[in-house]
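Since the structure comes first, as structure tokens, the remarks are kept for the end.
Remember, it's a predicted structure, so these values are computed and weren't measured experimentally. What you see below is based on every heavy atom in this structure, not just the backbone, and it leaves out hydrogens, waters and symmetry mates.
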Amino acid sequence: MQTLRVTRLHRHLHDRVLAALEALGIDRAAAEPGVRLGPPKNRDHGDVALGAFQLAKAAKKAPPALAGELATAITPDDVIESVSAAGPFVNFRFQRAALAQEVVGAVQNEAAPYGPAESTDQVVCIDYSSPNIAKPFHIGHMRSTVIGNSLRRIHRHLGATVHGINHLGDWGMPFAKMMTAYMRFGNEEQLHASPMRYMFELYKRYGKAAEAEPALDEEAAAHFRALESGEDNEERRMWQMLRDESLKAFQGPYDRLGVTFDHITGESFFEDKMAGAMERVTKAGVLEESDGAEVVWLKEQGIKQPCILRKSDGTTLYHTRDLAAVFYREQTFSPTRILYVVGAEQKLHFDQLKGVLKKMKEGIADAVEHVPFGLVLSRGEAGKWEKFASRAGNAVFLDEILDEAVAKVRTIIAEKNPDLPDADAVAEQVGVSAIVFNDLKASRIKDVKFDWDSMLAFEGDTGPYVQYACARLSSILRKAETPVPAIDAIDFAQLVDAERVLLTMMDFGTVVQRAADQSEPSAITNFTLALAGEIHSYLREHHVLGAEPAVRDARLVLVDAARRLLTTALDLLGIPAPGQM
RNA sequence: GCGCCCGUAGCUCAGCUGGAUAGAGCGACGGCCUCCGGAGCCGUAGGUCAGAGGUUCGAAUCCUCUCGGGCGUGCCA
């Protein structure tokens, strides 16, 4: 992959390979796309591998023959220690001192990709969390929240201008239903005492009542019409009050998760922008009447279901507001990408949204990108994994999960590190991180199996495991009682035995790029596990503080760099790295 | 019915967009501190990459079909 040329070492390799190819009489332009440097399957082969398959085609030679020629043509220099051919592959090894100097130096200088990149012209809008505030905020809502939060940090790190947007569901029928429930059964005192839980009660109560009394939905629809009329009426005041209460309630989980937004603009924000959006759709000539509703047909794009923009009763829908939001964002931010971190079950919705924009020949259509993720499943009666049914009232509130995790961490600290200062604060950090890490560990699209045992596991591939590596590194730096030595005074040849750590660190650039390109924070989660693993292994065999001065200094610099990079990587996930735990 | 997603070790997952002998964690079993943090380290066992075709010098990865699981399928979000 071309993106591997993110370090000076790779650029150097790339140039040497091209020069060698030219010397072998292969045209540079023809050769360049075939120069794909990547990590070898097995690191025993070397640090970087080049499969000579494509190049062989350009050179009209057999791959093993060309690989052999390249291996002899590229002689070692102050960066390349050795070049060897193994069948159709050319394997390169970096000079250990050059490797160490490059990686450690770049990390310490916070040079990109290890530190933040310079600003690019990328503008990324990320729509995440976006809870429907008339529904309980439970474990299922955490995914969009933490994935989006991480993507926001990742794109910032890469130099993009990022707008993190909480597109609150504070409009539409769900809100009207909540309003109706409150008007029927509501109690102000209970609402203020525990808004989230109380609204969950109301939500369940509405569901039950609507079953017995189907007319209730009609009542809710009437309230919504009244709200959407724009008049200053009871519905409007009720909406304001419930919205305020909900927002306050959501702030709790957001604070604990360390999640922030640049804009909190709910669906209601687009209330006065929908007319303009509808006009634009009409002008584009794509709006049609169907069974009393106003729709856009997308059959020519392979989508059978029309996108309904106005219901037969004249009110608007989710689609209408999302469309208005796209136009607003286009005008306000000029985004190159608009990411919607929303569950996979809403794929059709975003296909339709994008489809309507395409049909309108709006350039912004290309920027619209659904970032789907899997469901949260719970273990059902028969031991089968099934969808969480908040309707049935078995929702697990996020706070409960976080509290459980924090409490368990607290007992572990009491047992393993009883003298730890600020133990409660550290327990909060580590416990919450464990839950977040667990959610960001697997690929987005995988369903998350909610299981207390794995949720509260702190050994192996977990957040605490990575944080523990940070804590060990910090501990060594503390005990050194001297500042980290300056880079230019280091004999990097002393770090020959740290090659695995260094090579892992060097992967960071491609990992972050991939995380951004594919909207996949798990790439970074896996990186932190890999690096933490190498660190734990390294520290076991290589003592720092007791080593002779030249070795000690070199290792101290390495420890510092590893700690910094691990901290940066965790930060991109929205996870703190405590110095002690 | 149609559309989309998933299927890799007992369990939970990686596998860097087609490359070399498919890797981790948990669980099981066996080891490791007179030494900077044992939330750790090292090792053993465990695989028809759901199945069958196809493309390719080369397939867990791309294409087709089959099976299994899930999600979605005009006036909810």
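In terms of polar N and O atoms assigned as donor or acceptor, the side chain of Arg472(A) never comes within less than 3.5 Å of the base of rC36(B) in a complementary pairing. The base of rA20(B) is not paired with the side chain of Asp44(A) by any donor and acceptor separated by under 3.5 Å.
Contact check on Arg563(A) versus Asp560(A) returns a salt bridge, with a Lys/Arg side-chain nitrogen under 4.0 Å from an Asp/Glu carboxylate oxygen. At a threshold of 4.0 Å, the pair Arg93(A)-Glu499(A) counts as salt-bridged, since one of the basic side-chain nitrogens sits closer than that to a carboxylate oxygen. Between Asp351(A) and Lys358(A) there is no salt bridge, since none of the side-chain N atoms of the basic residue sits less than 4.0 Å from a carboxylate O of the acidic one. Under the 4.0 Å criterion applied to side-chain N and carboxylate O atoms, Arg225(A) and Asp313(A) are assigned as salt-bridge partners. A salt bridge is absent between Lys299(A) and Glu288(A): the closest approach of a Lys/Arg side-chain nitrogen to an acidic carboxylate oxygen does not fall below 4.0 angstrom.
rC36(B) has His543(A) stacked on its base ring, the centres lying under 5.5 angstrom apart and the planes within 30 degrees of parallel. Stacking between Phe89(A) and rA20(B) is present: the aromatic ring centre lies within less than 5.5 angstrom of the base six-membered ring centre, and the two planes differ by under 30 degrees. No aromatic stack links His349(A) and the base of rA77(B), using centre distance under 5.5 Å and interplanar angle under 30°.
Contacts of Ser454(A) with the nucleic acid, taken as non-hydrogen atoms under 4.0 Å apart, are absent. Among the protein residues, Asp322(A) comes within range of no part of the nucleic acid, since none of its heavy atoms lies under 4.0 Å from any strand. Among the protein residues, Pro306(A) comes within range of the nucleic acid bases, having at least one heavy atom under 4.0 Å from a base atom.
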Nucleotide N/O of nucleotides 2-7 of chain B paired with protein N/O under 3.5 Å:
residue : atom : partner   : partner atom : Å
rC2(B)  : O2'  : Lys304(A) : NZ           : 2.8
rG7(B)  : OP1  : Lys446(A) : NZ           : 3.3

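The Ser537(A) side chain lies nearest to rC42(B) when the options are rG37(B), rC42(B), rA20(B). When each of rA77(B), rG19(B), rA14(B) is scored by its nearest atom to the side-chain atoms of Asn526(A), the top-ranked nucleotide is rA14(B). Residue Val295(A) has its side chain nearest to rG74(B) when only rG74(B), rA39(B), rG40(B) are considered.
Evaluation of the ring pair (Phe, Tyr, Trp, His ring centres under 6.0 Å) test over residues 411-434 of chain A, restricted to residues two or more places apart or in two chains, returns none.
With ring centers used as reference points, Tyr468(A) lies under 6.0 Å from His536(A).
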